[in-house]
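Notes follow once the structure below has been shown.
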Amino acid sequence: MMTALQKDRKQGPAAVAPAEPAAPMKPALHRRTARRHRWFTPWLYLLVPLALLVTFTYLPIVDMLGYSLTDWDGLSPTKENVGADNYVQLFTRPELFKVFLVSGVYLAASFVQIAAALYFATVLSFNTKFRNLFKGILFFPYLVNGVAIGFVFLYFFQPGGTLDSVLQLLGYHGRQMWLGDPDLVNKSLAGVSVWRYTGLNMVLFLGAIQSIPGHLYEAAALDGANRWQQFRHIIAPSIKPIISLSAILAISGSLAVFEIPYIMTGGANGSETFVIQTVKLAFRFDKVGLASASAVVLLAVILLVTWIQRRLVPEERVELS
């Protein structure tokens with residue numbers, strides 16, 4: 001009589017029952033898992049940038065709002081809560097808002113800067129000799145430190161300096177107080193800003209122009225369009241979003257001018273801007289609360305102007321074909 005072990009050996013592997021295959025994952029569960037991963041993955045990559053943005057942008061803004069409601073000198077450990085008195089003081093002292101008139105000069109200069117950058121970008125987008133050299137020359141001022149630019153142009157504008165020497169070669173023998181005359185100082189400083197930032201706008205426009213398909217130029221050339229007509233009907237409509245962005249940056253930048261006038265004049269002779277005034281309130285007169293209120297007002301003005309501009313010139317999708 002065969003034992004059970006002998007029977008198993010005789011029957012061999014065929015007698016062993018095959019293992020049941022694992023049940024496949026339900027499609028609905030798989031879809032839910034994939035959907036959860038798709039929702040989570042972008043936030044995982046954005047976690048560090050968002051943490052830096054909140055830490056170095058939004059938290060300081062919240063602190064600034066808190067400081068604007070106090071009478072604090074920036075050093076004492078205690079802060080006296082004064083409510084909205086700093087804002088009342090700002091809006092009842094017209095001399096604190098007169099400095100915005102200086103921003104009008106920079107605003108006018110910024111549109112000259114955009115026009116010059118658009119011209120150079122258009123010319124250099126075509127087959128021009130030494131165009132790469134000219135691109136580098138025009139973009140170079142933006143790479144130079146603003147402090148260095150301020151000191152260089154101090155010698156450029158001084159009486160009998162570089163500008164007066166050039167004008168003398170052209171037949172003009174007078175001397176001007178370019179930084180001492182209240183009628184000339186802001187125009188001179190705005191000219192420095194135009195020289196410095198034209199290259200940045202040119203690069204933005206140039207990148208947008210180079211994204212325009214080449215067959216549009218070929219079709220326009222076959223129709224007899226000259227360079228001006230190509231710019232008017234092809235280039236300008238195609239890069240309209242970039243022009244709008246440059247206008248927004250120009251307006252906000254003209255309201256927040258600081259570096260060049262602070263280094264070259266310190267705000268003297270009628271060249272004081274709103275930001276220079278705010279810095280003086282905080283660090284020269286120890287009125288950190290009032291200076292914080294000024295910064296809040298400036299932020300609100302910039303946001304309001306940007307919102308109005310976006311409403312007047314809404315963003316449009318440009319189709320290039």
*Is there side-chain contact between Leu206 and Phe120, with heavy atoms separated by less than 4.5 Å?*
no

*asked:* So, taking the atom named CG in Leu249 and the one named CG in Asn201, what distance separates them when rounded to the nearest 0.5 Å?
replied: 7.5 Å

*Between Tyr155 and Thr162, do the side chains contain an N or O donor and an N or O acceptor separated by less than 3.5 Å?*
no

_Under 3.5 Å: donor-acceptor pair, side chain of Gln210, backbone of Gly207_ = no

*Measure the NZ-CD distance between Lys287 and Gln89 for me, rounded to the nearest 0.5 Å.*
6.5 Å

*How many angstroms lie between atom CD of Gln277 and atom CZ of Phe100, to the nearest 0.5 angstrom?*
8.5 Å

*Mind listing the closest non-hydrogen atom pair of Leu281 and Ser294 along with its distance?*
CD1-OG, 3.9 Å

*asked:* Ignoring hydrogens and geometry beyond distance, is a side-chain donor-acceptor pair present between Ser254 and Ser110 at under 3.5 Å?
replied: no

*So do the side chains of Asn81 and Leu69 get within less than 4.5 Å of each other, counting heavy atoms only?*
yes

*Going by the angle between their ring planes, with limits at 30° and 60°, are Phe139 and Tyr142 parallel, tilted or perpendicular?*
tilted

_Minimum-distance pair of heavy atoms, taken over all atoms of Ile212 and Ile239_ = CD1-CG2, 4.5 Å

*Heavy-atom closest contact (Phe157 atom, Ser188 atom, distance)*: CZ-O, 3.7 Å

*asked:* Which heavy atom of Ile260 sits nearest to which heavy atom of Gly150, and what is that distance?
replied: CD1-N, 4.5 Å

*Compare every heavy atom of Thr55 with every heavy atom of Ala51, then report the nearest pair and how far apart it is.*
O-OG1, 2.7 Å

_Nearest non-hydrogen partners of Glu272 and Val102, listed with the distance_ = O-CG2, 3.5 Å

*Leu179 side chain near Leu154 side chain, heavy-atom distance below 4.5 Å*: yes

